[in-house]
Amino acid sequence: MEETQDEVDEELENALKDIESKFENEKGEEESKDDDNSKESSKKELPILVPMCVYMPQTLEQLVSSILTVADYQTFSGLMRAKVTQQRTILKLQKMEMRA
């Protein structure tokens, strides 16, 4: 497991370095194009980088375990009771809106 996490961390670092290098390359290309237009506009907006989240996929054992947990009567019953309570609350709120 530790080796797998190390591999994931390494791949994440490589991906981030790759994104940074592509960003720098694009920035350099835009700057060379903008040299002609630099007299017109001196300010250049930088693109916003969105942070990426990398998730490990679930193993088959984890997937089966989660399905069996939900299929357990007590868990299923609790989920359905919560859903009914949620629906009742929504209906009450809708009725209150109609009265107002």
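Values reported hereafter were calculated over all heavy atoms of this structure, with side chains retained and with hydrogens, waters and symmetry mates removed. Values in this document were obtained by computation on a predicted structure and should not be read as measured data.
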Show me the donor-acceptor pairs within less than 3.5 Å that the side chains of residues 11-18 make with the rest of the protein, sequence neighbours left out.
unit_1, atom_1, unit_2, atom_2, d
Asn14, ND2, Glu10, O, 3.4

field: Interatomic distance, Leu63 atom CG to Thr59 atom OG1 [nearest 0.5 angstrom]
entry: 8.0 Å
- prompt: Say you draw a straight line from OG of Ser66 to CD of Glu61; how long is it, rounded to the nearest 0.5 Å?
  reply: 11.0 Å
- prompt: Which pairs count as side chain to side chain donor-acceptor pair (under 3.5 Å) when at least one residue sits in residues 69-87, sequence neighbours excluded?
  reply: Ser77-Arg81
field: Transitive ILVMFWY cluster of Leu68, excluding itself - 4.5 Å side-chain cut-off
entry: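 Its cluster mates, by chain and number, are Leu60, Val64.
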query: With Gln94, which residues qualify under side-chain contact (heavy atoms from CB on, under 4.5 Å), at least two apart?
result: Ile90, Leu91
- prompt: Take atom CE in Met80; do more than 12 heavy atoms of anything else shown fall under 6.0 Å from it?
  reply: yes
